[in-house]
Structure formats: C-alpha cells, structure tokens
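Notes for the one structure printed next.
Labels below follow one simple rule: chain letters A, B, ... track the order of the sequence lines, proteins then strands, and each chain is numbered from 1.
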There are 2 protein chains.
Amino acid sequence: MENSKIARIRSFNRAVTRRVGALEESYLSRGRPLSEARLLFEIGRQGAALGALRQRLGLDSGYLSRMLRSLEAQGLVSVGAQDDDARARYAKLTESGHAELAAYDALADDQAQSLLMPLSPAAQDRLVAAMAEVERLMAAAAVTIVEEDPDSADANQCLDLYVTEVASRFTDGFDTAKGSTASGDEFTRPRGAFLLARLDGNPVGCGAVRLLDARTAEIKRMWVSPQARGMGLAMRMLHRLEEIARDLGAHTVCLDTNRALTEAQSLYERQGYEEVARFNDNPYADRWYSKRL
Amino acid sequence: MENSKIARIRSFNRAVTRRVGALEESYLSRGRPLSEARLLFEIGRQGAALGALRQRLGLDSGYLSRMLRSLEAQGLVSVGAQDDDARARYAKLTESGHAELAAYDALADDQAQSLLMPLSPAAQDRLVAAMAEVERLMAAAAVTIVEEDPDSADANQCLDLYVTEVASRFTDGFDTAKGSTASGDEFTRPRGAFLLARLDGNPVGCGAVRLLDARTAEIKRMWVSPQARGMGLAMRMLHRLEEIARDLGAHTVCLDTNRALTEAQSLYERQGYEEVARFNDNPYADRWYSKRL
DNA sequence: TCCATTGCCTGACTTTAGTCAGATAACTAG
DNA sequence: CTAGTTATCTGACTAAAGTCAGGCAATGGA
C-alpha cells in the first residue's frame with residue numbers, strides 16, 4: 001500500500017534527522033559557526049574555486065566572501081588568484097586549516113563509530129549494507145530525465161561513452177561511421193527526440209527516438225552509465241521514449257540490438273517487446289524487436 | 001574493515017542530510033520560521049505540556065514562550081492551564097492550527113511521494129525495507145545499558161513485564177512467590193548489580209547478576225522488550241553482566257533457564273555457556289548453564 | 001506559615017545566517 | 001579600443017535563532 005510506504009519514509013526521515021542534528025551539533029563544539037565549518041569541509045584538502053564553492057553551498061557571493069575573510073583571520077584558509085582568470089580566486093587550506101579539517105573529520109568519525117560500536121559485527125554489516133541500499137535508491141530517485149538537444153555537450157559526452165562501451169563489448173569492434181551515428185534533426189522534434197538522464201547535474205544516461213514513418217518510431221542510443229545501473233533507470237528511460245513515440249503519432253515502436261547486450265534484451269522482453277524480422281541494415285544488429293503502443 | 005564502515009556511514013549521512021535539508025526547506029514555503037513549524041509539529045494533534053515541549057525541542061523557556069505567543073497571535077494555538085498544577089501550562093492546536101498542521105503533513109507526504117514516484121514498485125519496496133532496517137539498527141545502537149537501582153520504578157516496570165511474559169510462555173504458569181523474586185540488596189553492590197536498557201529514556205530491557213559465593217556469580221532476570229528484539233541487545237546485556245561478575249570477583253557465571261525460552265538457550269550456547277547439573281531448586285528451571293570467565 | 005523551588009513570562013541582548021545594492025578589476029566579443 | 005559581462009568584495013541591512021537575568025505566581029516540604 002502506498003500510504004504505508006510514505007509513513008515508513010517519514011518515520012525514517014524523523015529518525016535520521018535526529019542523528020544528523022546531533023552530528024551538526026557536535027561540529028559546533030569547535031567554537032565556530034556551522035556555516036564556516038561547512039565551508040571548511042567544502043574547500044577540502046585540494047582547495048576549491050570560489051565560484052564552485054558558491055554553487056555547491058548555495059551561498060550569496062557577499063556572504064561567502066565574508067566567511068572566507070573570517071577563516072583567513074583565523075589562519076585556516078588562504079585565498080589566492082587563479083592562473084587562468086585573474087578575476088576568479090581559489091581558496092586553499094593553510095597548514096592549520098588542514099589540522100582543523102582533520103579535527104572535524106575526527107568528530108564525524110567518532111560519531112559514526114559511536115553508531116557502530118554498540119552493534120555486533122553482524123548487525124554492523126547489516127546496517128552498513130542497508131545504508132548503502134538507501135543511499136543508492138535515493139540517488140536513483142534523484143535522477144531526472146529531460147528532453148535535450150542531441151548536439152549539446154552533455155549529450156555528446158553520453159553518446160561517446162555509449163560508443164566506447166558498445167565498441168568494447170562487440171567482439172569485432174564498432175565503427176562509428178558504419179553504425180549510423182545519425183545526427184542533424186533526426187532526433188529532434190518533430191521527427192524525434194533525445195532524452196538525457198542526470199544525477200546532480202551530471203549526465204548518467206541517454207536515449208533517443210525517431211520516426212521511421214508516420215506510424216512507426218525507432219528507439220536508439222539507449223545507454224545508462226555503469227554507476228547508475230541496477231536502479232531501473234533503463235526502464236524509466238524506455239517508458240519515457242515510448243511516451244514520446246506515442247506523442248509523435250507512432251502506433252508501433254521498434255528497435256535493434258546486439259546479442260552481446262544481454263541486459264538490454266531482457267529489458268525489452270520484460271517490457272513486452274517481441275522479436276521480429278530484420279527491418280534495417282545495421283551491420284551491428286542481430287536482433288530486432290517491436291512493440292505495439 | 002572498520003574504516004570502510006565508517007566511510008559508508010559518513011557517505012550515508014551526507015546523502016541523507018541533503019534530503020532532510022530539502023524537506024525542511026519545503027516547510028518554509030508556508031511563510032513561517034522553521035522553529036515555529038517544528039513547534040507546531042511537536043504540539044501535535046493531542047497538544048503537549050510546555051515543559052515537555054521545552055525538553056523535546058531543547059528550547060529556552062523564554063524562547064518557547066515567545067514562539068507560543070506568536071502562534072497564538074496567528075490563531076493556531078491556545079495555551080491553557082493544566083488541571084493538576086496551576087503553574088504548568090498546556091498547549092493545544094486550535095481548529096486552524098489543526099488545518100495548518102495538516103498542510104505541513106501534506107508537504108511532508110508530497111516529499112516522501114516524490115522520493116517513491118521515480119522508482120519501480122520493486123525498487124520502492126527495497127527502499128522502504130532498507131529504510132526500516134536502518135531505522136531499526138540505529139535505534140538498536142541508541143540503546144544504553146546502565147547500572148540502576150533494582151527497586152526503581154523503571155526497573156519494576158521491566159521486571160513486571162518480564163514476569164508477565166514468562167508466565168504466558170510457561171505451560172503451567174508462573175507464580176511470583178515460588179519464582180524467587182528475590183530483592184533487597186541481592187542485586188546491588190557489593191553482592192550484585194542490576195542493569196537497565198533504555199531507548200530514548202524508556203526502559204526496554206533488564207538483567208541482573210548476584211554472587212552465589214565469592215567465586216561464582218549467577219545471572220538472572222534477563223529480559224528484552226519485544227519491540228527491541230533481534231537487535232543483539234540480549235547479547236550486549238549478557239556481556240555487560242559478565243563484565244560485572246568479573247568485577248565482583250567471580251571466576252564462573254551460571255544461570256538457569258526454561259526449555260520454553262528457546263532464544264535464551266541458543267544465546268547462552270552461542271556465548272560459550274555449557275549445560276551443567278541442577279545447581280538450585282528453582283521450580284521453573286529445567287536447564288542449568290555455566291561458563292568460566 | 002515560611003521559604004526554596006518550579007514553571008512560565010518579559011525585556012534586553014547577541015550571534016548566526018542571509019540579502020541587496022553598489023564598486024572594482026579583469027575579461028571578452030565585436 | 002570599447003562596451004558589456006563576470007568574479008569578487010564591501011557596506012548596510014534584515015530575519016531567525018538563541019541566551020540571560022529578573023519577575024511573578026503556584027507549589028511543596030519543613
């Protein structure tokens with residue numbers, strides 16, 4: 001039942017909020033406002049550009065500037081110019097900044113330790129495994145899938161990764177030229193569409209659809225980054241592409257695949273695709289599927 | 001490896017902090033400071049005594065008073081006297097207070113919903129199960145075990161529950177008089193000790209140890225509340241009792257149990273206890289165990 | 001009955017967090 | 001070279017969150 005799931009999530013939120021609250025409270029023990037401690041964390045061992053800090057922490061530039069002044073006054077941080085752009089500046093930890101960060105790290109480690117210590121090793125393992133599962137599935141839920149220009153930088157990044165992976169899995173390689181890396185307006189409205197999946201802004205998957213004729217759409221370029229696999233993302237992508245195909249007027253979707261891509265095949269079959277005869281001359285395809293919408 | 005567990009926990013904390021932050025942010029959409037929203041939540045459907053509110057939220061009494069004035073001015077809360085003590089006061093939601101709380105509830109439900117929606121039903125179930133596991137194990141880790149007066153109110157509450165449960169599980173009942181509900185200074189230093197386990201202040205288990213002679217200690221009254229079972233609490237309790245036995249000078253601990261209490265037996269055997277001959281005349285015991293410390 | 005304690009309230013205060021409007025210097029496209 | 005843009009900084013401001021000291025009435029134990 002939906003409702004009991006929601007109740008569980010809310011109960012989880014409550015339980016976890018308390019823990020997190022206690023952790024943040026413990027940071028205050030070093031006599032510095034929380035926002036400064038957070039900033040110290042975010043600058044980190046390798047330092048960070050101010051722009052990046054502002055974005056990651058969602059800070060007003062004036063506010064950030066003032067906090068950096070304060071950390072500089074405490075001798076924890078030094079802010080210097082960046083090589084490539086003399087306007088931009090780069091914050092680094094000083095030696096005592098590193099020590100201070102280490103102290104905060106120790107606090108966080110203690111906190112984590114105190115969560116583990118009372119548990120038996122078996123229970124510790126269960127806790128850690130469950131935490132990993134929660135984190136993983138929360139990340140999966142945070143993935144957004146949006147229509148995007150297939151020529152954008154992020155789209156190209158995904159497509160490159162897709163090609164690289166396919167090439168490595170096909171026994172006799174993959175030649176971009178032969179593999180119909182069609183572009184232009186094939187995958188843009190009104191003839192098609194291109195979807196990009198992002199996690200925290202970073203592309204983690206893509207998929208495309210185009211009309212072959214007024215009633216038939218073809219799905220292509222489905223790819224999910226290895227880190228994002230096993231979270232049902234491919235299925236979400238496929239559903240969204242089918243939705244778009246319907247929207248474009250198609251009554252049927254088809255696609256081709258290669259026997260080396262086993263997960264893909266089982267996904268298609270689970271989603272109601274049926275094997276059909278060869279409908280194109282893609283030299284890298286050896287299975288063809290189709291589904292009525 | 002310990003370190004990787006700590007790293008996992010810290011990664012989990014980071015991931016979850018963000019989610020929680022987003023949830024709290026959403027509460028601001030009702031144009032009221034977060035602390036007032038929290039107070040509204042804490043007053044809840046049945047209302048709450050001001051003292052309890054102060055304690056649960058960790059508020060200064062002046063601050064609480066002011067916030068209540070503000071919520072009263074908004075027509076959400078009414079604060080009245082308490083029957084038993086005219087100094088103490090009790091906060092209740094008004095009708096529009098209930099409506100406002102419902103609106104906050106809806107926000108939290110939406111947030112939870114948005115976490116579920118992108119996931120397939122199977123993934124939703126996995127997420128919810130993992131959350132339950134995390135919550136459960138975090139609760140287990142939050143249980144504290146402390147030495148306490150065996151005559152305290154909380155101790156008696158636990159002992160009563162223990163007796164009730166044992167009575168219900170023994171086929172021929174359990175008579176307190178016969179069952180040697182020994183008290184007095186048997187379970188206090190220097191002859192013994194009594195341990196109470198608490199979760200969030202509420203007693204969830206107990207255990208006692210006493211010296212039979214200078215070198216032999218007996219463990220008695222081990223009990224864990226049903227809600228707190230399966231978290232390794234009994235094992236922790238047993239270890240603490242053995243530690244105390246050692247501290248009292250014992251070289252051997254012994255205990256008796258009943259064949260109806262199967263989990264107890266398997267715990268003792270797992271912890272290195274060996275069955276020995278009857279060493280007392282407890283009419284409810286039919287197994288006797290002993291372990292060298 | 002007295003007096004220390006408890007529970008709450010009020011006023012005055014501080015710190016933290018964050019916003020807004022310029023100012024300045026460096027960069028970039030034309 | 002110029003005009004517009006970008007990255008940061010400064011000063012002035014506000015709201016939220018929290019602290020502290022004193023006050024008053026009710027309570028409870030001696």
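Taking atom CZ of residue Arg38(A) and atom C1' of nucleotide dA17(C), one finds them 10 Å apart after rounding to whole Å. Leu28(B) has its CG atom 12 Å from the C1' atom of dG18(C), to the nearest Å. Across the protein-nucleic acid pair, Tyr63(B) atom OH and dT16(C) atom P stand 15 Å apart, rounded to whole Å. Computed from coordinates, the Tyr90(B) OH to dC8(C) C1' distance equals 17 Å when rounded to whole Å. Between the CZ atom of Arg69(A) and the P atom of dG18(C) there is a distance of 18 Å, given to the nearest Å. Counting to the nearest Å, the P atom of dG7(C) and the CD atom of Gln82(B) are 10 Å from each other. If you take CD of Glu25(B) and P of dA17(C), they are 14 Å apart, rounded to a whole angstrom. Distance CG (Leu39(B)) to P (dC8(C)): 13 Å, rounded to an integer number of Å.
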Distances for protein N or O near nucleotides 21-26 of chain C N or O, under 3.5 Å:
none

Check nucleotides 1-4 of chain C against the protein and report each pair of N or O atoms closer than 3.5 Å, with its distance, or say if there are none.
none

Indicate every side-chain donor-acceptor pair of residues 43-57 of chain A with a distance under 3.5 Å to a residue at least two apart or in another chain.
from     : atom 1 : to       : atom 2 : distance (Å)
Arg45(A) : NH1    : His98(A) : O      : 3.4
Arg56(A) : NE     : Glu42(A) : OE2    : 2.7
Arg56(A) : NH2    : Glu42(A) : O      : 3.1

Counting only pairs under 3.5 Å, give me each side-chain donor-acceptor contact of residues 12-21 of chain A, with atom names and distances, residues two or more places apart or in other chains.
from     : atom 1 : to        : atom 2 : distance (Å)
Thr17(A) : OG1    : Asn13(A)  : O      : 2.4
Arg18(A) : NH1    : Asp200(B) : OD1    : 3.3

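Applying the ring-ring contact (aromatic ring centres under 6.0 Å, His included) test to Tyr27(B) and every residue at least two apart in sequence or in another chain returns Phe41(B), Tyr104(B). In this view, Glu135(A) and Arg8(B) satisfy the salt bridge (Lys or Arg N to Asp or Glu O under 4.0 Å) rule, not counting sequence neighbours. Applying the side chain to side chain contact (heavy atoms under 4.5 Å, CB included) rule to Ala88(B) yields the partners Gln82(B), Asp85(B); only residues at least two apart in sequence or on another chain are considered. Applying the side chain to side chain contact (heavy atoms under 4.5 Å, CB included) test to Arg240(B) and every residue at least two apart in sequence or in another chain returns Ile145(B), Leu195(B), Glu243(B). Partners of Ser152(B) according to the side-chain hydrogen bond (donor to acceptor under 3.5 Å, both in side chains) rule, which considers only residues two or more places apart in sequence or in another chain, are Glu148(B). Arg66(A) is linked by a salt bridge (Lys or Arg N to Asp or Glu O under 4.0 Å) to nothing, counting only residues two or more places apart in sequence or in another chain. Residues that satisfy the side chain to side chain contact (heavy atoms under 4.5 Å, CB included) test with Ala208(A), not counting sequence neighbours, are Phe187(A), Phe194(A), Arg221(A).
Within 4.0 Å of Leu34(A), counting heavy atoms only, lie sugar-phosphate atoms of the nucleic acid but no base atom.
At most 12 non-hydrogen atoms from other residues, nucleotides or ligands lie less than 6.0 angstrom from CD of Glu25(A).
Side-chain atoms of Glu72(B) and Ser78(B) form no donor-acceptor pair, as typed in the model, at a separation below 3.5 Å. Inspection of the Glu100(A) and Ser96(A) side chains reveals no N or O donor paired with an N or O acceptor under 3.5 Å.
Both Gly58(A) and Ser65(B) lie near DNA chain C, and the one whose nearest nucleotide falls closer to the 5' end is Ser65(B). Mapping Arg32(A) and Asp84(A) onto DNA chain C via the closest heavy atom, the residue that lands nearer the 5' end is Arg32(A).
For the OP1/OP2 pair of dC9(C) and a distance below 4.0 Å, the side-chain nitrogens and oxygens of Arg89(B) include at least one atom meeting the criterion.
Closest to the Arg66(B) side chain, of the nucleotides dT16(C), dC8(C), dT10(C), is dT10(C).
First and last contacts of DNA chain D with chain B, using any nucleotide atom under 4.0 Å from a protein heavy atom and ordered 5' to 3', fall at dA16(D) to dT27(D).
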